[in-house]
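One structure is given below, encoded as structure tokens.
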Amino acid sequence: MPRDGAVRQPKYQRIAAALKTAIEAGEYGPGDRLPGENDLMSTYGVARMTARQALGVLQAEGLTEARKGAGVFVREFRRIRRRGIQRLAADVWESGRSIWAADTEDRDPEVESLGVTEEAAPSGVAALLGLSGDAVAVVRRRVFLLDGKPVMLATSYLDAVLVGGTPIAEPDTGPGGIYARLADLGHKPARFREEIRSRMPSADEADRLGLAAGTPVVLICRTAFTADGRVVEVNEMVLDASAYVLEYEFDAP
């Protein structure tokens, strides 16, 4: 143990930190191949498992990707800067823009509808929507892709009595999305609440998002309220943590 009492980092973490520094300094650019296990073993005098763990750290952080039979490469994907407040401004969706497109700037976003159904909502969601008894929700499931890569799964729940038979119950809601259509119905969202957690993904989530081993997900549950406090949508999102930067900018109260 060092004389100052500090705990010394394991070797694999020090190697990973050195590689990360080299990537940030531009020594390895997007698409470049990193030193392989044999190279790291020779350079640092470590066992293969240590070299493998070091490369695994970078992959888990979303900085690299392994290509079978070719090696480990610096990831070319640019992280999405999700501006949690500005993206939900009324002038975004009232102008016909998608809040998803607002996240992606000059890139080409895609939304794949996984289906729109009427079904019972989970108990917690049903309570938020004020559903009781055998009341059902319109449930919209989507996967969001950027640069061809799935980065988010989203499931929206809305009261079927309120939105059934409207464009909200169709795969394509039209310009401005759900919130613009709610405004058309006289139920314009006026306030939002987002709760954020993180955990490791389920096997299904990891498969659908194409996550590397060890990559966590961010869970965001957004509740949309009208001016009189009615909950008109609950949206449960699962984000690839390595693909996102969550940004919140607001004035001091």
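Excluded from the calculations below are hydrogen atoms, water molecules and symmetry mates; all remaining heavy atoms, backbone and side chain alike, are included. Since this is a predicted model, take the numbers as computed values, not measurements.
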Can Tyr248 be reached from Tyr244 by stepping across I, L, V, M, F, W or Y side chains whose heavy atoms are under 4.5 Å apart? yes
Got a donor-acceptor contact below 3.5 angstrom from the Arg140 side chain to the Glu170 backbone? yes
Report the distance from atom OG1 of Thr223 to atom CD of Glu233, rounding to the nearest 0.5 Å. 8.5 Å
Taking all atoms of both residues into account, what is the closest heavy-atom pair of Thr215 and Met200, and its distance? O-CE, 3.7 Å
Using every non-hydrogen atom in the two residues, find where Arg230 and Asp159 come nearest and quote the distance to one decimal. NH2-OD2, 3.4 Å
Nearest heavy atoms of Ala243 and Val151, plus distance in Å: CB-CG1, 3.9 Å
Sorted by chain and residue number, the salt bridge (Lys or Arg N to Asp or Glu O under 4.0 Å) partners of Asp39 (sequence neighbours excluded) come out as none
With sequence neighbours left out, what residues match Glu118 under salt bridge (Lys or Arg N to Asp or Glu O under 4.0 Å)? none
Do Glu249 and Gln86 make a side-chain contact, defined as non-hydrogen atoms from C-beta onward lying under 4.5 Å apart? yes
Ignoring hydrogens and angles, tell me if any N or O in the side chain of Thr64 forms a donor-acceptor pair with the backbone of Gln59 under 3.5 Å. yes
May I ask you to decide if Thr173's main-chain N or O and Arg181's side chain share a donor-acceptor pair within less than 3.5 Å? yes
The single option from Ile15, Leu19, Thr43, Val72 that satisfies side-chain contact (heavy atoms from CB on, under 4.5 Å) with Pro35 is Leu19
Do you know which two heavy atoms are closest between Val143 and Pro150, and how far apart they sit? CG2-CB, 4.0 Å
Say whether, by atom type as modelled, one donor and one acceptor occur between the side chain of Asp147 and the main chain of Lys149 under 3.5 angstrom. no
Ile178 and Phe225: same hydrophobic cluster, using ILVMFWY side-chain contacts below 4.5 Å? no
Do other residues, nucleotides or ligands put more than 12 heavy atoms under 6.0 Å from the CE atom of Met49? no
Count I, L, V, M, F, W, Y as connected when their side-chain heavy atoms are under 4.5 Å apart, and connections chain through other members. Are Leu246 and Leu146 then in the same cluster? yes
If I take atom OG1 from residue Thr50 and atom CG from residue Leu55, how far apart are they, to the nearest 0.5 angstrom? 11.0 Å
Distance (rounded to the nearest 0.5 Å) between Leu34 CG and Leu63 CG: 9.5 Å
Can you sort out the partners of Arg191 under salt bridge (Lys or Arg N to Asp or Glu O under 4.0 Å), two or more places apart, ordered by chain and number? none
Kindly write out the residues that satisfy salt bridge (Lys or Arg N to Asp or Glu O under 4.0 Å) with Arg141, not counting sequence neighbours, or none if the list is empty. Glu119
Evaluate the side-chain hydrogen bond (donor to acceptor under 3.5 Å, both in side chains) criterion for residues Thr226 and Asp228: first the C-alpha distance (whole Å), next the side-chain angles of each, then the deciding distance (0.1 Å), finally the verdict. CA-CA 5 Å; Thr226 61; Asp228 61 4; 2.3 Å; yes
If you count heavy atoms of other groups shown closer than 6.0 angstrom to CZ of Arg67, is the number above 12? yes
In terms of hydrophobic clusters joined by side-chain contacts under 4.5 Å, are Phe192 and Leu185 together? yes
Applying the 4.5 Å side-chain criterion to the ILVMFWY set and letting contacts propagate, would Met152 and Leu211 be lumped into a single cluster? no
Of the non-hydrogen atoms in Ala169 and Val116, which two are nearest, and what is the gap between them? O-CG1, 3.4 Å
Tell me, do Leu182 and Leu162 make a side-chain contact under 4.5 Å, heavy atoms counted? yes
Could you report the tightest heavy-atom contact between Pro189 and Ala224, atom names first, then the distance? CB-CB, 4.4 Å
Could you list who else is in Tyr12's hydrophobic cluster, with ILVMFWY side chains joined at under 4.5 Å, directly or through other members? Val57
Supply the atom-to-atom distance Ile99 CD1 to Tyr179 OH, rounded to the nearest 0.5 angstrom. 5.0 Å
Between CG of Leu158 and CG of Asn235, what distance do you get to the nearest 0.5 Å? 9.0 Å
Can you tell me how far CD of Glu236 sits from CD of Glu195, rounded to the nearest 0.5 angstrom? 10.0 Å
Please collect all side chain to side chain donor-acceptor pair (under 3.5 Å) contacts where either partner lies in residues 15-27, sequence neighbours excluded, each pair once. Lys20-Glu61
Keeping the roles fixed (side chain from Arg81, backbone from Glu247), state whether a donor-acceptor pair exists under 3.5 Å. no
Between Val238 and Arg208, is any pair of side-chain heavy atoms under 4.5 Å apart? no
